[in-house]
Amino acid sequence: MEAMRENTPSTNIDFQLGLLHFVHLLVMVDGTIDQRERAAIRKIKLEEKIPDWVFDDFEESAPEKTEREIYEEGVAMLNRCSEEEKLTAFVHLYRLSEADDNVHVKEVRLLLYSIKATKISFEDVVLSARMSKAVAL
């Protein structure tokens with residue numbers, strides 16, 4: 001995978017993989033992935049220009065890892081990102097938590113712990129999510 005990182009100019013592989021780690025944790029927290037969540041994941045993949053090989057490699061490796069390993073890897077990857085990238089990742093996650101119209105307590109907990117671990121302001125995430133939603137309308 002290290003060699004492939006060099007083949008992805010103008011993208012931050014740590015951002016893309018860190019985001020995928022947390023997307024996986026967030027959608028799996030309630031035990032099911034519904035159609036709205038699947039659609040939201042596809043939208044994130046397109047918006048962030050995540051190559052199929054990155055997405056597929058992650059999807060293939062995720063079942064072999066524990067939740068804790070996925071979480072710790074995701075935090076490490078996002079902590080190597082810029083503040084803007086971290087904020088972007090958490091805006092995606094915040095919006096994803098709302099995708100199935102049922103924000104689960106475990107989703108909130110995951111978001112709060114992850115935001116704290118990456119030293120991002122929750123208020124900034126909420127404000128940015130609201131702003132991006134307003135722009136989309």
Side-chain angles (χ1 to χ4, degrees):
M1 181 114 102
E2 213 45 54
M4 290 181 170
R5 289 179 189 213
E6 296 169 13
N7 296 331
T8 312
S10 77
T11 58
N12 183 341
I13 195 77
D14 284 327
F15 167 73
Q16 292 175 338
L17 282 171
L19 177 58
L20 288 176
H21 277 68
F22 283 104
V23 164
H24 175 82
L25 290 171
L26 198 63
V27 297
M28 295 306 292
V29 81
D30 62 2
T32 60
I33 302 175
D34 77 8
Q35 288 307 102
R36 293 172 288 195
E37 288 172 323
R38 287 185 198 284
I41 292 168
R42 282 192 297 275
K43 186 176 177 185
I44 290 169
K45 184 179 178 283
L46 288 172
E47 280 182 31
E48 297 305 333
K49 298 174 180 64
I50 299 173
D52 290 338
W53 67 265
V54 171
F55 188 82
D56 295 342
D57 282 356
F58 174 77
E59 287 291 301
E60 193 175 300
S61 68
E64 300 168 6
K65 298 176 183 175
T66 65
E67 275 185 20
R68 183 156 202 75
E69 288 171 326
I70 293 171
Y71 175 81
E72 289 173 354
E73 288 175 12
V75 167
M77 288 173 186
L78 287 183
N79 276 331
R80 290 191 292 264
C81 295
S82 69
E83 295 302 306
E84 183 179 334
E85 288 170 321
K86 287 186 220 179
L87 184 58
T88 299
F90 283 106
V91 167
H92 281 302
L93 295 169
Y94 181 85
R95 289 179 11 211
L96 181 59
S97 72
E98 299 176 322
D100 63 358
D101 292 328
N102 181 27
V103 181
H104 196 277
V105 172
K106 288 183 180 180
E107 290 173 332
V108 173
R109 217 178 278 140
L110 173 65
L111 282 172
L112 291 176
Y113 284 128
S114 304
I115 287 169
K116 183 177 180 181
T118 55
K119 299 173 181 71
I120 293 293
S121 162
F122 181 71
E123 290 78 19
D124 288 348
V125 172
V126 174
L127 180 62
S128 295
R130 287 183 181 156
M131 287 175 48
S132 70
K133 195 175 192 177
V135 169
L137 299 175

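On a predicted model such as this, the values are computed, not experimentally measured, just so you know.
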Handout entry: Whether over 12 other heavy atoms sit under 6.0 Å from E84 CD
Key = no
Problem - Donor-acceptor pair, side chain of E37 and main chain of D34, under 3.5 angstrom - result: yes
Problem - Interatomic distance, L25 atom CG to L20 atom CG [nearest 0.5 angstrom] - result: 11.0 Å
Fill in the blank from the handout: CZ (R38) and CZ (R42) are apart, to the nearest 0.5 Å, by 8.0 Å
Handout entry: Separation between OH of Y94 and CZ of R130, rounded to the nearest 0.5 Å
Key = 5.5 Å
Handout entry: salt_bridge(E83, K86) N-O dist < 4.0 Å
Key = yes
Completion exercise
L19 and L78 have their tightest heavy-atom pair at N-CD2, 4.1 Å
Practice task
Verify the neighbour count for atom NZ of K106: are there more than 12 heavy atoms of other residues, nucleotides or ligands below 6.0 Å?
Solution key: no
Handout entry: Nearest-0.5 Å distance that lies between atom OG1 in T118 and atom CZ in R80
Key = 13.5 Å
Exercise for the section: Please confirm whether the backbone N or O of K49 pairs with a side-chain atom of Q16, one donor and one acceptor, at under 3.5 Å? Expected result: yes
Practice task
Examine distances only and state if a side-chain atom of H21 and a backbone atom of L17 form a donor-acceptor pair shorter than 3.5 Å.
Solution key: yes
Fill in the blank from the handout: Correct closest heavy-atom pair for F15 and T88 would be CZ-CG2, 3.9 Å
Handout entry: Minimal non-hydrogen separation, L93 against V23, with atom names
Key = CD2-N, 3.6 Å
Handout entry: Exceeds 12 heavy-atom contacts within 6.0 angstrom, atom CD of E59
Key = yes
Handout entry: Polar side-chain atom of S128 near backbone of V125 as donor-acceptor pair, under 3.5 Å
Key = no
Handout entry: Over all atoms of both residues, closest heavy-atom pair of C81 and N12
Key = SG-ND2, 3.8 Å
Handout entry: Rounded distance [0.5 Å steps], CG in N79 versus CG in D14
Key = 10.0 Å
Handout entry: Within one Ile-Leu-Val-Met-Phe-Trp-Tyr cluster: V108 and V29, side-chain cutoff 4.5 Å
Key = no
Problem - Close side-chain approach of F22 to V75, heavy-atom, < 4.5 Å - result: yes
Fill in the blank from the handout: To the nearest 0.5 Å, atom NE2 of H92 lies from atom NZ of K45 at 13.5 Å
Exercise for the section: Determine the minimum heavy-atom distance between V91 and A129, stating which atoms define it. Expected result: CG1-CA, 3.8 Å
Exercise for the section: Take R95 and K43, measure what side-chain contact (heavy atoms from CB on, under 4.5 Å) needs, and give me the verdict at the end. Expected result: CA-CA 11 Å; R95 289 179 11 211; K43 186 176 177 185; 4.2 Å; yes
Fill in the blank from the handout: All heavy atoms of F90 vs all of I115, minimum pair found to be CD2-CG1, 3.6 Å
